[in-house]
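Structure first, commentary second.
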Amino acid sequence: TNNIARRIHEHKTKYNPRSFSAQYNLKKLLYYEDFDYVWDAINREKQIKAGSRKKKIALIVSMNPTFEDLSADW
């Protein structure tokens, strides 16, 4: 997304009730990366999605070991 605060708000308020985040009641931001170029972000997202669940959890723990909501004070 080009506006993470807006996107987080949409998830937390279930802006799209048929979305994955609304259906599974996902409201915490546990991990994110910032990119200057959209193509870098797209390639990184594809790389992360191709990894195993174990690798994804390890990535989250490396940045946020307590699984705190990183958007809580936005």
Side-chain angles (χ1 to χ4, degrees):
T1 183
N2 61 357
N3 186 334
I4 195 165
R6 175 188 48 81
R7 189 76 170 125
I8 295 300
H9 176 73
E10 290 172 359
H11 284 295
K12 289 186 177 193
T13 60
K14 297 183 181 179
Y15 177 78
N16 180 358
R18 298 181 69 195
S19 70
F20 181 88
S21 60
Q23 289 177 3
Y24 290 92
N25 202 31
L26 305 176
K27 295 183 178 181
K28 286 186 177 183
L29 175 66
L30 299 180
Y31 179 86
Y32 69 94
E33 294 182 30
D34 192 25
F35 293 91
D36 292 326
Y37 302 103
V38 68
W39 289 111
D40 292 339
I42 291 168
N43 288 330
R44 179 63 174 146
E45 182 178 8
K46 288 179 181 180
Q47 182 184 33
I48 291 171
K49 284 186 174 185
S52 67
R53 180 177 176 87
K54 185 176 180 179
K55 286 183 180 180
K56 292 171 191 168
I57 292 171
L59 187 59
I60 293 168
V61 169
S62 73
M63 180 181 170
N64 186 2
T66 59
F67 287 75
E68 296 293 322
D69 181 2
L70 301 176
S71 68
D73 60 348
W74 291 4

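Only a predicted model underlies this, so the values are computations on that prediction, with no experimental measurement involved. What's counted below: heavy atoms across the whole structure, side chains too, no hydrogens, waters or symmetry copies.
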Heavy-atom donor-acceptor pair, S71 side chain to W74 backbone, under 3.5 Å: no
Say whether, by atom type as modelled, one donor and one acceptor occur between the side chain of N64 and the main chain of L30 under 3.5 angstrom. yes
Under the criterion side-chain contact (heavy atoms from CB on, under 4.5 Å), which of I4, N2, I8 is the partner of R6? N2
Can you name the one residue among L29, L26, D69 that meets side-chain contact (heavy atoms from CB on, under 4.5 Å) with K12? D69
K56 atom NZ, neighbour heavy-atom count above 12 within 6.0 Å: yes
Spell out, yes or no, whether V61 and L59 are grouped together once hydrophobic residues are joined by side-chain heavy atoms under 4.5 Å, including indirect joins. yes
Output for pair (I60 CD1, Y31 OH), nearest 0.5 Å, gives 9.0 Å
Please report the shortest heavy-atom distance between A22 and P17, naming the atom on each side. CB-O, 3.6 Å
Going by side chain to side chain donor-acceptor pair (under 3.5 Å), name the residues that satisfy it together with N25, two or more places apart in sequence or in a different chain. K14
Would you please name every residue forming a side chain to side chain donor-acceptor pair (under 3.5 Å) with Y32, sequence neighbours left out? none
Check: R44 and Q47 side chains under 4.5 Å, non-hydrogen atoms: yes
K28 NZ to H11 NE2 distance, which is reported to the nearest 0.5 Å: 15.5 Å
Rounded to the nearest 0.5 Å, the NE2 atom of H9 sits from the OH atom of Y15 at a distance of 9.5 Å
Atom pair CG (D40) and CD (E33), whose distance is rounded to the nearest 0.5 Å: 10.5 Å
When rounded to the nearest 0.5 angstrom, what distance separates OG1 in T66 from CD in E68? 4.0 Å
